[in-house]
Amino acid sequence: MPSLSQFLLAVLQAVLFLAAAPLLSGFMRVIRAKMHTRHGPGVLQDYRDIIKLMKRQDLRPPASGFVFRLVPVILPATLMVIAMGIPVVGRTAPVTAFSDLITVIYLFALVRFFFSLSGLDSGSSFAGIGASRELTLGVLVEPVMLLSLMVAALLAGSTDLGAIGTAVGTLQMSSLAATVMAGVAFAFAVYVELGKLPYDMAEAEQELQEGPLTEYSGPSLAMIKVSLALKQLLVVAWFIAVFLPFGKATSMAPLALAGSFLLFVLEMVAIFVVVGIVENSVARTRFRLTPRHSWLGVGIASLAFVFYLAGL
Amino acid sequence: MTTPLELLALSVALSGVAALAGLLLARNETLAIWSAGLGGLLAGIAGVAAGLLALGTEPSVFNVAGPYPFAHFVLRLDPLAGLMVAVISFVSAVSSVFSLAYVREYAGRGVGAMGFFLNLFVGSMMLVVVADNGFWFLVFFEMMSLASYFVVIFDQDEEAVSAGFVYFLVAHAGSVAIMAAFYLMANVAGSFDFAAFRAAHPSPLIASIVFLLGLGGFGAKAGMIPLHVWLPRAHPAAPSHASALMSGVMIKIGVFGIVKVGIDLLGGGVLWWGVLVLALGAVSSVLGVIYALAEHDIKKLLAYHSVENIGIILLGVGTGMIGLATEQPLVAVLGLMAGLYHLVNHAVFKGLLFLGAGSVIFRMHTKDMEEMGGLARTMPWTSLCFLIGALAISAIPPLNGFVSEWFTYQALFAAALDGTFLAKLATPIAATMLALTGALAVMCFVKAYGVIFSGAPRSEHARHAREVPAPMVIGMVILAIACVGLGLAAPVIAPVIGGIAAATLHAPVAVLADGALVLPGAGARTVLSTPLLALMLVALAALPIVLMAVFTGARRGGRRTAAPWACGYLPDGHMAVSAGSFAQPIRMFFRPLYAVRKDVAVVSTAISHRFAALVAQTRRSEPMFDRTLVTPVIEAVTGIGRRTQVLQNGDFRIYCLYIVAALVALLLVTLR
């Protein structure tokens, strides 16, 4: 069981992630504006949007049920629990009881379950199609995610994210090729999970009126928007924790912690700049052709597995 | 202090009494429903007590010499059987409560007979798992199959009868395979007692044949692909509380049988047995859920999910057998424990889901999900319970399905970490299949819940639905609480089931819990804590609630609802997503796998054709039978009658003559 200080650190980490989520979505908007060579809003624009939405009416369709009302609470809560189980500054997660890779994958499934169910529960057809697509993407991506992490876990000898990160960070993985391939496959899966172009199937703005979000308004919409940004932060933090865990603090010395945190932020920024560039330079994939892309992911992950078996 | 075996006897006796009461009181239907239901409940409570008492103790054995030397009546209540007894009794107790109100739906169609067959079914299942002699095992196994066959054909319509026939054939083909396996073993062991089977050492070839026969026979009962054809037809045909028993419990007897033959009787064996079970498990889980997704009949959907979950249980059992064959006791215990844990969990959440489906059908009078919709507002308890069941079966943390799947992954991981090359190759693939299954199950249950309980009502029945009667709600609530409890109490339950697995495998007990944590064996570097997870989920939910509350003051009142966006048109019920359209992407992406189903379904249609042919043959042969046997007898009897009529010509003087003649004749006889 975690000690009290670990526990407080975990809660602090979760709240910080939540607080930083609108900053991320603001940052992505800035990058988009830059790519479009226009003056966009400032980085803090999404905070203003959230506060504005919080003051608006909360309307819901007459056909919606209790799930629809619960989801704006369940999503942030679940994502914050995930945030407690991801190693950020140290080698291990603040709460190791949440940092098993299977636990994390299934907690994301919890998010997916309720996010898409809220779409069906609204009774809107756009939201329903968005929900169907969201879950289909999950079906296509989850095996890739599991197989790539499984290969990394087998190389590290444990399914704990901290343990895998430690093995990668201290260069103790017996097979470099398998690790790199697993990392590539996982990066692909993470990118799909981000829900950005070319894979923003569920919330495709032009086609689906933002999918499961269609019927949300006011504070509920604010909470879900924050949650979606938080999810993007978390999947990238997850990738960094497993495959780029370098410069982690090994002691509780303030300087080491600060250095590790700074490095983490820099990695985040770098990854999201790349994501922004990709997102703004491609068109949306045709939905019915996505399996071709996901098969590529499966292929890379399988290759990693073969490399692991061959001991390369 | 009563012993577990006495309690078990009490439970079986109560089942028998309840069965007879159902039959004897058939005239008075209310009385029949209550006697069968309450009898089943009491039998269930006694059975749960018996099973739980047997979990931690040494096996207790009851032995009477049978009528024939090969049929010693031996009952053996070991921890594994205790677990099965507890699971069977628990689900049957809950479904008995549910039946008190639900069976009224069948009033006037022989509810007494239904009570008779269901209680007989439960009683024979209890005896199957404790029977320790091949002969009696088969007798009770047959009783179980037959009792459930009569429940399946209860509706008496064409669909139910043909489904029942497919079930009947597959079940008996399975029995024959099991019988053959037992004969082979008895040949080696010299007795039909399982104790002798355990002591026997068949040659590897014989052992493999016995295992394959057992796997085929019990796999058919379990609904493992490709022997699953009967399951999605028979389970939906039965009344819902019976489907809960069949899907929740009876198919587990198949898994129990595989464990019994593979691990208990044959004592492990070669590596490929485990890999074969693992492969069948992986195929069953993926295909089961993919076929479930395409269904819009709620009970068929659930029945295909039973195929899926049997697959997941077999993944655990297969890993256990791999561990046993490669002499890795920790892997063996972890794998079998994960399988047994999922067995318990599936009994609970599938029972819950079938009872939920039964409640919905009770009000909707249809099994088609497309006719439902919007029931969450009119049936709040049913919808909440169904949601909990859906979350549990989709392995959503922190509920019970997640815990057992977590252990399954950990077992697969442990087997992949250091094993032979075959194990290293097979187990990560199985884990990937499990991940695919998990994602598809989430999709399927979002669809099921969403189409039944969400959105606008799609039919007149759905608009006027109301909550089901109290006994049905109580039954569902008990199982929903069990789903949550089996998840949150994992640190208590995992070691108990681990102990059962270790006792079955004769392996050292593995460390599976530490305080509020569960972990896969001592020295494992990963842990999980479902109580903490639940606590944090609830605690952190406070933050968004507070955030939204803070701004309440700044918000203006006014409208609370607004029609959904429909591009400016008036929203219409037909615009909402249907069960078919929701799963359409999966049907498109996995088209080749659906083609496989058509191929497999050929077996089922072939059986149906045979059935039709058989009926036609019977119709033809019935008159022939009449002609050759019945008619001659009738003709002979009437002919003799006609001839004797000569005596009776109506003249009373002749009759007097008869009397005098008779008197003279008697006089002569007595005087002599």
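Below, all heavy atoms of this structure are taken into account, side chains as well, without hydrogens, waters or symmetry copies. Within every chain, numbering begins at 1; the chains are lettered A, B, ... in the order of the sequence lines, protein sequences first and strands thereafter.
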Would you mind checking which part of [X] comes under 4.5 Å of any heavy atom in chain B, side chain (CB onward), backbone (N, CA, C, O), both or neither?
X: A:Pro76; value: side chain
X: A:Leu140; value: side chain
X: A:Ser227; value: neither

Checking side-chain contact (heavy atoms from CB on, under 4.5 Å) for the pair A:Met150/B:Thr432: CA distance, chi angles, key distance, verdict?
CA-CA 9 Å; A:Met150 190 83 168; B:Thr432 313; over 6 Å; no
Which residue out of [options] racks up the most heavy-atom pairs below 4.5 Å with chain A?
options: B:Leu528, B:Ile545, B:Leu434, B:Thr530; result: B:Leu528
options: B:Val451, B:Leu384, B:Leu391, B:Ile586; result: B:Leu391
options: B:Ser581, B:Pro398, B:Ala435, B:Ala414; result: B:Ala435
options: B:Val518, B:Val538, B:Leu412, B:Val442; result: B:Val442

Choice from A:Leu154, A:Leu110, A:Val73 maximising heavy atom contacts with chain B below 4.5 Å
A:Leu154
Counting heavy-atom pairs under 4.5 angstrom with chain B, the leader among A:Val139, A:Asp160, A:Val151 is A:Val139
Residue pair [X] / [Y], side-chain heavy-atom distance below 4.5 Å:
X: B:Trp406; Y: A:Thr159; value: no
X: B:Leu387; Y: A:Leu117; value: yes
X: A:Leu309; Y: B:Phe421; value: yes
X: B:Ser394; Y: A:Phe113; value: yes
X: B:Met536; Y: A:Val95; value: no

Looking at CE of A:Met54 and CG of B:Leu547, how far apart are the two atoms once the value is rounded to the nearest 0.5 Å?
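Atom-to-atom, A:Met54:CE and B:Leu547:CG are 5.0 Å apart.
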Students often mix this up, so state it plainly: with edges at 30° and 60°, are the rings of B:Tyr449 and A:Phe66 parallel, tilted or perpendicular?
perpendicular
Please state whether the side chain, the backbone, both or neither of B:Phe582 comes within less than 4.5 Å of a heavy atom of chain A.
both
Heavy-atom proximity to chain A below 4.5 Å, by part of B:Gln584:
neither
